[in-house]
Amino acid sequence: MIVVWRITERCNLACPFCAYDRTLTRGRRTMDATAARGIVARLAEYQETTGDPVLLSWLGGEPLLWPEFEALSREAVARGLRLSVTTNGTLLTRPAIRTLLGTLFAEVTVSVDGLAPTHDRLRGWPGGYAVLAQSVRALADEKVRNGQGPKLRVNTVLMHRTWKEFSALCEDVAGWGVEEITFNQLGGNDRPEFHPAHRLTPEDVEGFVAALPGVRERARARGLRVVGGD
């Protein structure tokens, strides 16, 4: 069983397609630590009773900003649960964070929305792509040195003006030591004002699907798996 759990609505980036953009004036709920411990305990009990392995996947906002992130991650692992996290990568510059993820986590997914100019603009993070490249490489290097560590994955949101960068993005992140890349199209629920001008058109989808087999093959040659069917 995979449990995807939004533990905080706080975020430190300004993505115009996301409901948790730091520039938005809105409430920012964060999971209560006591309640979270209770849910972790219930999930552990479920796993023990049923024999169904549980993968607990932290989501945000930016989950690494949750004050209880380390303590609850350690408690979940101590109770036998496997962990995953989807992060914008801003805190991967911290060695202690990389050590925590490398020690406790089964999967780490980093959100990357295109090549450097595109990603930095969409995330409101000048220089962010270069920071991610360095941080993810460091995480991959530590995995090699330790002989163990999380599966490293990138997820990207495909938009009208970004989908043509997907092939080059695969080439880049393969060089970071990323093992898998996943993709999904821009949705309209979070920021309906952004969606019409940036959504994939039918022609975009046709172009992407036509290019995907070649992209997948080139990525495979670099050791990167493109996840998802045609």
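These numbers come from a predicted model, not from an experiment.
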From [X] atom [atom1] to [Y] atom [atom2], the distance as rounded to the nearest 0.5 Å:
X: N146; Y: D141; atom1: CG; atom2: CG; value: 10.5 Å
X: F194; Y: C18; atom1: CZ; atom2: SG; value: 11.0 Å
X: E68; Y: T34; atom1: CD; atom2: OG1; value: 8.0 Å
X: S57; Y: R6; atom1: OG; atom2: CZ; value: 10.5 Å
X: E70; Y: L64; atom1: CD; atom2: CG; value: 11.0 Å
X: H195; Y: L200; atom1: NE2; atom2: CG; value: 8.0 Å

Verify the cluster assignment for [X] and [Y]: are they in a single hydrophobic cluster under the rule of side-chain heavy atoms below 4.5 Å apart?
X: V157; Y: W163; result: no
X: L104; Y: V3; result: yes
X: W66; Y: L43; result: yes
X: I2; Y: V85; result: no
X: L100; Y: L59; result: no

List the steps, then state whether side-chain contact (heavy atoms from CB on, under 4.5 Å) holds for K143 with E179. CA-CA 12 Å; K143 179 177 176 178; E179 299 158 79; 2.7 Å; yes

Quick one: do [X] and [Y] make a salt bridge, cutoff under 4.0 Å?
X: R79; Y: E48; answer: no
X: R191; Y: D21; answer: yes
X: E171; Y: R222; answer: yes
X: E180; Y: R225; answer: yes
X: E9; Y: R29; answer: yes
X: E142; Y: R137; answer: no

Using the rule given for side-chain hydrogen bond (donor to acceptor under 3.5 Å, both in side chains), can you reason through W125 versus D120, listing the C-alpha separation, both sets of side-chain angles and the distance that settles it, and then say yes or no? CA-CA 5 Å; W125 185 18; D120 295 358; over 6 Å; no

Going by atom types alone, do [X] and [Y] pair a side-chain donor with an acceptor below 3.5 Å?
X: N155; Y: T182; result: yes
X: W58; Y: S73; result: yes
X: S167; Y: R218; result: yes
X: T30; Y: T8; result: yes

With a 4.5 Å limit on heavy-atom distance, are the side chains of [X] and [Y] in contact?
X: R153; Y: E107; result: yes
X: F17; Y: E193; result: no
X: T87; Y: E62; result: yes
X: L122; Y: C15; result: no
X: V108; Y: K151; result: no
X: R37; Y: E75; result: yes
X: T99; Y: R94; result: no

Intermediate values then yes/no, side-chain contact (heavy atoms from CB on, under 4.5 Å), V77 and L83: CA-CA 7 Å; V77 170; L83 289 179; 3.5 Å; yes

Write out all pairs satisfying ring pair (Phe, Tyr, Trp, His ring centres under 6.0 Å) with one or both partners inside residues 206-230, taking only residues at least two apart or from two chains.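 Applying ring pair (Phe, Tyr, Trp, His ring centres under 6.0 Å) to every pair that reaches into residues 206-230, excluding sequence neighbours, yields F166-F208, F183-F208.
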
Nearest heavy-atom neighbours spanning [X] and [Y]:
X: R28; Y: Y20; value: NH1-O, 2.8 Å
X: N88; Y: T90; value: OD1-OG1, 2.7 Å
X: V154; Y: T109; value: C-CG2, 4.3 Å
X: C11; Y: G61; value: CB-CA, 4.2 Å
X: L132; Y: S111; value: CD1-O, 4.1 Å
X: L92; Y: V110; value: CD1-CG2, 4.0 Å

Is there a donor-acceptor contact under 3.5 Å from the side chain of [X] to the main chain of [Y]?
X: R10; Y: L65; value: yes
X: D204; Y: T201; value: yes
X: T162; Y: L158; value: no
X: R26; Y: A19; value: yes
X: Q47; Y: V54; value: yes
X: D113; Y: H119; value: no

Is the CG atom of D32 crowded by more than 12 outside heavy atoms at less than 6.0 Å?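 Above 12, so yes.
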
Within a 6.0 Å radius of atom CZ on R42, are there more than 12 heavy atoms belonging to other residues, nucleotides or ligands?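 Open: at most 12 neighbouring heavy atoms sit under 6.0 Å from CZ of R42.
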
Hey, do the aromatic rings of W176 and Y129 have their centres closer than 6.0 Å?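 Yes, the ring of W176 comes within the 6.0 Å limit of the ring of Y129, centre to centre.
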
Test side-chain contact (heavy atoms from CB on, under 4.5 Å) on R161 and H198; report intermediate values, then the result. CA-CA 7 Å; R161 298 173 186 171; H198 298 273; 3.7 Å; yes

I'd like to know whether I181 forms a side-chain contact (heavy atoms from CB on, under 4.5 Å) with V227, so could you lay out the CA-CA distance, the side-chain angles of the two residues, the decisive distance to 0.1 Å, and finally the verdict. CA-CA 6 Å; I181 186 166; V227 179; over 6 Å; no

